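First the proteins, then the strands, lettered A, B, ... as listed; each starts at 1. Remember, it's a predicted structure, so these values are computed and weren't measured experimentally.
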2 protein chains.
Amino acid sequence: MGTFPDLRKFGGADAFLRACKPRVAIELLSDKWSMLVLGALLFGPRRFGELRRMLDGITPKMLTRTLRSLERDGLLTRTVYPTVPMRVEYALTDLGESAAGMLAVITTWGAEHAEEILAARRAYDARPPAGETPVPA
Amino acid sequence: MGTFPDLRKFGGADAFLRACKPRVAIELLSDKWSMLVLGALLFGPRRFGELRRMLDGITPKMLTRTLRSLERDGLLTRTVYPTVPMRVEYALTDLGESAAGMLAVITTWGAEHAEEILAARRAYDARPPAGETPVPA
DNA sequence: CAGCATCCCCACGGATACTG
DNA sequence: CAGTATCCGTGGGGATGCTG
């Protein structure tokens with residue numbers, strides 16, 4: 001069928017149904033802020049406020065929730081320095097770095113095909129309401 | 001920092017803020033069913049009912065919505081055969097196949113790291129409520 | 001067969017205000 | 001500084017029933 005890695009090697013579509021292994025990756029990608037946070041941490045360890053400023057538009061609540069979730073999954077570490085004022089630093093783990101690697105793949109794909117997709121979208125939206133049904137046979 | 005492709009080449013975190021190009025990929029991934037449908041179509045063109053059966057748990061409404069969205073983005077084609085009873089076939093485009101390639105990357109990553117993540121999750125959940133704060137310096 | 005229409009729920013996530 | 005607490009609107013998506 002194609003030149004891409006054969007999905008069936010990994011279980012194909014079945015691999016995604018129900019609560020199966022690779023689903024964790026999908027959940028990660030599906031979350032609005034997770035990959036953004038990982039991306040931000042690629043620049044090195046960052047503090048709460050720094051991340052907040054890097055991720056324009058994120059609220060403290062969502063940043064906290066996202067960081068907790070990523071920490072729980074072992075994608076980043078949270079280190080508290082009990083200074084005054086307090087200081088907390090977040091850093092990617094190896095696992096987190098590899099997850100960010102996925103982000104790179106996705107970003108690349110998106111950058112390469114965005115124009116094509118947007119063009120298809122325009123064409124679709126511009127086509128006649130009641131249409132000629134493409135009838136090959 | 002790592003061995004993965006350098007995100008900054010693509011604009012880094014900034015590349016994701018607001019409505020920028022690579023975001024279309026994220027939207028694709030974020031949708032609950034889109035990548036599953038693409039994965040199913042990797043096995044070849046399929047009819048509505050076939051897809052419905054392959055994607056256990058999907059409702060007709062969501063299948064329709066997902067297919068329409070993917071068609072609009074040029075990831076698959078929809079061909080109507082006006083037979084009796086009616087027959088509609090969905091097939092990946094080249095663009096759709098390349099998108100499914102992303103799925104392979106993600107699936108692989110998920111399969112390789114799922115156990116690690118689940119272990120981290122168990123460890124996190126099992127740790128003492130009020131905790132020893134890791135104080136390096 | 002391949003959908004479309006409708007109702008409805010609740011979880012995601014934003015805004016705002018407060019605390020150790 | 002680094003969060004927590006609370007309220008609340010939106011819409012994603014399930015269930016059900018009907019149609020060309």
Side-chain angles (χ1 to χ4, degrees), chain A residues 16-19 23 26-37 40-41 45-72 76-91 129-131 133-135 137, chain B residues 16-19 23 26-37 40-41 45-72 76-91 129-131 133-135 137:
Chain A
F16 281 88
L17 306 178
R18 302 291 157 202
R23 192 108 200 180
I26 293 286
E27 283 167 15
L28 198 59
L29 275 318
S30 298
D31 186 76
K32 184 175 182 184
W33 295 108
S34 288
M35 294 306 281
L36 269 34
V37 169
L41 286 177
R46 288 291 184 276
R47 304 179 55 180
F48 187 90
E50 292 174 323
L51 289 172
R52 192 175 172 180
R53 262 167 270 126
M54 292 175 80
L55 304 168
D56 185 38
I58 197 170
T59 59
K61 186 181 79 170
M62 290 316 296
L63 182 52
T64 300
R65 185 184 293 183
T66 303
L67 288 168
R68 285 296 189 291
S69 168
L70 293 173
E71 184 196 4
R72 187 170 104 101
L76 55 78
T77 60
R78 176 175 182 272
T79 312
V80 181
Y81 302 83
T83 55
V84 172
M86 155 189 227
R87 172 195 174 89
V88 179
E89 238 181 37
Y90 295 91
T133 23
V135 196
Chain B
F16 281 88
L17 306 178
R18 300 292 157 204
R23 192 109 201 181
I26 292 286
E27 283 168 15
L28 198 58
L29 274 320
S30 298
D31 186 76
K32 184 177 180 183
W33 295 107
S34 288
M35 294 306 280
L36 269 33
V37 168
L41 285 176
R46 287 291 183 275
R47 304 177 55 179
F48 187 89
E50 292 175 323
L51 289 172
R52 191 173 170 182
R53 260 167 272 126
M54 291 176 80
L55 303 168
D56 187 39
I58 196 171
T59 61
K61 186 180 82 171
M62 289 317 295
L63 182 52
T64 299
R65 185 185 294 181
T66 303
L67 288 167
R68 285 295 189 290
S69 167
L70 293 173
E71 184 195 2
R72 187 169 105 100
L76 55 78
T77 60
R78 176 175 182 272
T79 312
V80 180
Y81 302 83
T83 57
V84 172
M86 157 187 226
R87 172 195 174 90
V88 179
E89 242 183 34
Y90 295 91
T133 22
V135 198

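Within the helix from dC1(C)-dG20(D) to dG20(C)-dC1(D), the inter-axis angle between the opening and closing five-pair segments is 50°, rounded to 10°.
Taken from OG1 in Thr64(B) to CD1 in Ile58(B), the straight-line distance is 8.5 Å, to the nearest 0.5 Å. Atom CD1 in Ile26(B) sits 10.5 Å away from atom CG in Asp31(A) (nearest 0.5 Å). How far CH2 of Trp33(B) is from CG of Leu51(B): 12.0 Å, rounded to the nearest 0.5 Å.
Evaluation of the salt bridge (charged side-chain N to carboxylate O under 4.0 Å, His left out) rule for Arg87(B) yields Glu89(B) as partners, not counting sequence neighbours. Evaluation of the side chain to side chain donor-acceptor pair (under 3.5 Å) rule for Glu50(A) yields no partner, not counting sequence neighbours. Ser69(A) is linked by a side chain to side chain donor-acceptor pair (under 3.5 Å) to nothing, counting only residues two or more places apart in sequence or in another chain. The side chain to side chain donor-acceptor pair (under 3.5 Å) test applied to Thr66(B) returns no partner, not counting sequence neighbours.
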Go through it in stages, so that I can follow the logic: the residues are Leu41(B) and Leu70(B), the test is side chain to side chain contact (heavy atoms under 4.5 Å, CB included), and I'd like the CA-CA distance, side-chain angles, deciding distance and then a yes or no. CA-CA 12 Å; Leu41(B) 285 176; Leu70(B) 293 173; over 6 Å; no
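A sub-4.0 Å separation between OP1 or OP2 of dT4(D) and a side-chain N or O of Arg68(A) is present. Residue Arg47(B) places at least one side-chain N or O closer than 4.0 Å to OP1 or OP2 of dA2(C). Between Arg78(B) and dG3(C) there is a side-chain N or O to OP1 or OP2 distance below 4.0 Å.
Going from atom CG of Leu63(B) over to atom P of dA15(D) covers 15 Å, rounded to whole Å. Rounded to an integer number of Å, the gap from CD of Glu50(B) to C1' of dC1(C) is 12 Å. Between the CG atom of Leu51(B) and the C1' atom of dC1(C) there is a distance of 13 Å, rounded to whole Å. For the pair Glu71(A) CD and dA2(D) C1', the interatomic distance rounds to 14 Å; values are reported in whole Å.
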Pick out the pairs of N or O atoms, protein on one side and nucleotides 10-14 of chain D on the other, that lie under 3.5 Å.
unit_1, atom_1, unit_2, atom_2, d
dG14(D), OP1, Lys32(B), NZ, 2.6
dG14(D), N7, Lys61(B), NZ, 3.2
dG14(D), O6, Lys61(B), NZ, 2.2

Pairs: protein N or O with nucleotides 18-20 of chain C N or O, under 3.5 Å:
none

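Applying the salt bridge (Lys or Arg N to Asp or Glu O under 4.0 Å) definition to pairs two or more places apart or across chains, those involving residues 57-72 of chain B are Asp125(A)-Arg72(B), Arg127(A)-Glu71(B).
With DNA chain C read from its 5' end, the first of the two nearest nucleotides for Arg87(B) and Pro60(A) is the one closest to Arg87(B).
Side-chain contact between Pro60(B) and Arg52(B) is present, with at least one heavy-atom pair separated by less than 4.5 Å.
Counting any heavy atom pair closer than 4.0 Å across all strands shown, Arg52(A) reaches no nucleic acid atom.
The minimum heavy-atom distance linking Phe48(A) with Leu63(A) is given by the pair O-CD2, 3.6 Å.
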